[in-house]
Amino acid sequence: MSKPTIPQGTRDFDAATLRKRYYIFNTIKQCFEWFGFEPLETPAMENLDTLMGKYGDEGDKLIFKILNNGLDRPEKREKVQEAFEQVLQGKNTKEITERALRYDLTIPFARFVAMNHQQLTLPYKRYQLQPVWRADRPQKGRYREFYQCDADVVGTESLQADADFVQLYDLVFTKLNLPVTIHINNRKILAGLAEICEASEQLTDITIAIDKLDKIGKPAVLEQIAQLSLPVHAVDTVDNFLSVSGSNSDKLHTVGQLLAASALGTEGVLELQTIVALSETLETKNELIVDFTLARGLNYYTGAIFEIKAIGVAMGSIGGGGRYNDLTGLFGVKGIAGIGISFGLDRIYDCMEELQLFPQQALEEKKVMFLHMGDACTSFVMQQLKKLRLQGIIADYYHQQAKLDKQFKYAERKGFGIVVIIGPEEMEEGTCQVKNLSTGNQEKIAVSALAEFLG
RNA sequence: GAGGUUGUAGCUCAGUCGGUUAGAGCGUCAGAUUGUGGCUUUGAAGGCCGGGGGUUCGAAUCCCCUCAAUCUCCCCA
């Protein structure tokens with residue numbers, strides 16, 4: 001038999017890793033709760049229809065599809081073979097696959113809202129911490145199974161909600177002590193730019209090119225724009241757009257003038273101004289940056305868009321989100337606007353690990369281990385363990401008779417801070433030896449006082 | 001989907017120009033130590049050199065194929 005493996009891009013997590021992951025997980029969850037979001041979980045798999053066409057052509061290719069069961073049944077043979085021909089052409093058919101692993105948490109949430117909107121009291125704020133799957137090629141900071149931590153609110157068009165999410169981002173990264181910049185833009189501004197360029201049809205191409213600015217530089221971006229066969233003035237317009245600099249309000253002012261001829265673009269500038277102004281009165285620990293090059297790939301955003309970048313680490317975005325004013329419309333329910341953000345748990349972990357930001361205190365637990373002299377002590381030791389555990393103290397003992405030497409080494413390796421030694425002498429006296437492994441201090445106390453001593 | 005790098009002990013890695021029985025450190029286990037961990041010290045176990053094929057008297061080493069990991073581009077959290 002060959003050695004067992006796990007699928008590409010997936011991982012097993014050991015105890016030390018999980019403690020750190022839980023630390024991030026719990027911090028994010030706690031912040032969501034503080035903001036009044038309610039928990040929600042949705043299935044790992046969705047109907048393929050629910051997911052297809054929501055993430056763009058590129059996204060569709062990255063959805064993990066689940067093969068239908070029972071394809072081998074003889075009476076289906078002809079249908080299945082016919083359907084498979086379709087698959088070979090790059091099409092999906094219900095005969096072969098009708099379910100898929102979820103690709104993100106936003107679309108399943110929209111599906112949930114569309115199914116339940118009559119029961120929900122709007123605005124509805126939910127948070128969701130669950131794994132998602134993408135058939136991407138794994139590399140640094142990119143996995144095929146990873147956790148997203150989403151908070152969304154639906155049923156409000158208020159820009160105050162947008163500003164609230166800036167505060168939420170700021171709070172989470174403040175609590176994690178991970179320095180980031182919060183980038184914000186507005187889809188309407190990008191649409192306005194395309195309008196000014198007389199190339200509304202090519203909005204996506206333009207934004208994809210602009211998005212690469214910090215990676216390939218302005219000349220290369222303008223080169224790409226030039227190749228889109230847009231009106232002659234378009235390259236200059238984009239050049240001006242990308243040259244905007246200064247403070248957030250300076251940038252908004254300049255772009256406001258540049259896009260004055262576009263009603264949509266002007267609306268976007270005004271929205272962004274409102275959000276930025278609100279955020280500035282509240283102040284953020286992490287810098288809020290108006291970033292007109294921020295595009296984000298997902299098609300369904302209509303207003304504000306966010307992206308988070310960690311400072312001091314070469315890592316893609318560790319969070320993103322934005323406003324979508326008609327997401328449930330995709331599922332036949334019109335008129336429910338929403339906005340939401342996501343935290344990439346795995347990337348946040350990678351950043352914090354690289355910057356060594358995990359606080360030792362938060363990861364260590366107070367644990368007590370009993371060392372004993374053999375079977376004669378077992379019943380006594382177990383009685384003491386029971387008392388401690390009822391008090392919420394993590395307590396364990398060595399399940400076999402062994403030399404103290406060995407038990408000591410075990411306790412140390414497993415991270416027990418305190419050991420309690422029980423032998424025939426102690427049992428007779430009703431005492432025990434309590435030793436602190438980090439200081440080496442040892443004292444004899446009455447067993448009856450143990451729980452209080454450790455508590 | 002395109003390209004680069006790397007696969008040797010549980011882990012991190014040496015291994016010369018192709019040449020005898022493939023090494024080290026860490027870790028594991030046992031002893032030094034019959035009621036006291038970390039330090040020290042002695043010893044042991046542990047390998048189809050990723051897999052397959054080829055060249056050669058002879059391959060961990062050279063060539064081809066394949067698998068896996070990892071990174072870059074595309075795209076994304």
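Note that the structure is predicted; figures quoted are calculated from it, not measured. Each chain gets a letter, A, B and so on, in the order the sequences are listed, and its residues count up from 1.
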Identify whether any heavy atom of [X] sits under 4.0 Å from a base atom; if not, whether one sits that close to sugar-phosphate; answer base, sugar-phosphate or nothing.
| X | result |
| --- | --- |
| Glu426(A) | base |
| Gly59(A) | nothing |
| Phe343(A) | nothing |
| Ser342(A) | nothing |
| Leu437(A) | base |
| Lys212(A) | sugar-phosphate |
| Ile348(A) | nothing |
| Lys61(A) | nothing |

Can you tell me if [X] touches the phosphate of [N], counting only side-chain N or O atoms and a distance under 4.0 Å to OP1 or OP2?
| X | N | answer |
| --- | --- | --- |
| Arg142(A) | U70(B) | no |
| Lys403(A) | A32(B) | yes |
| Gln139(A) | U72(B) | yes |
| Gln8(A) | A69(B) | yes |

Whole-Å P distance, C62(B) and U8(B):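 Roughly 15 Å separates the two P atoms.
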Taking G50(B) as the reference, what is the distance to U5(B) when you measure between their C1' atoms (whole Å, please)? 16 Å
Salt bridge (Lys or Arg N to Asp or Glu O under 4.0 Å) partners of residues 304-330 of chain A, not counting sequence neighbours, each pair once: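 Pairs touching residues 304-330 of chain A that pass the test: Asp162(A)-Arg323(A), Asp214(A)-Lys309(A), Arg296(A)-Glu307(A), Asp326(A)-Lys334(A).
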Evaluate side-chain contact (heavy atoms from CB on, under 4.5 Å) for Thr302(A) paired with Arg187(A), printing each intermediate quantity in order. CA-CA 6 Å; Thr302(A) 56; Arg187(A) 266 290 164 88; 5.7 Å; no
Steps toward side-chain contact (heavy atoms from CB on, under 4.5 Å) verdict (Phe306(A), Ile339(A)): CA-CA 10 Å; Phe306(A) 300 105; Ile339(A) 174 169; 4.0 Å; yes
Between Lys218(A) and Asp239(A), is there a salt bridge with N-O shorter than 4.0 Å?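 Result for this pair is yes, salt bridge flagged.
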Any salt bridge between Asp346(A) and Arg142(A), counting N to O under 4.0 Å? no
So which nucleotide from [options] ends up closest to the side chain of [X]?
| X | options | answer |
| --- | --- | --- |
| Arg413(A) | A77(B), G31(B), C29(B) | C29(B) |
| Gln433(A) | C71(B), G31(B), G35(B) | G35(B) |
| Arg137(A) | U36(B), C76(B), U70(B) | U70(B) |
| Asp405(A) | U36(B), C75(B), G37(B) | G37(B) |
| Lys406(A) | A30(B), C29(B), G38(B) | A30(B) |

Given side chain to side chain donor-acceptor pair (under 3.5 Å), test Asn116(A) with Tyr124(A) step by step and report yes or no. CA-CA 11 Å; Asn116(A) 299 284; Tyr124(A) 170 54; over 6 Å; no
In which ranges does RNA chain B form stems of 3 or more consecutive Watson-Crick or G-U pairs, distances under 3.5 Å? B:1-7 with B:67-73, B:10-13 with B:23-26, B:28-32 with B:40-44, B:50-54 with B:62-66
Please report the interatomic distance CE(Met369(A)) to CZ(Phe408(A)), rounded to the nearest 0.5 Å.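 Reported value, rounded in 0.5 Å steps: 10.0 Å.
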Arg11(A) CZ to Phe146(A) CZ distance, which is reported to the nearest 0.5 Å: 9.5 Å
Taking 5.5 Å and 30° as the limits, would you call Phe146(A) and the base of A77(B) a stacked pair? yes
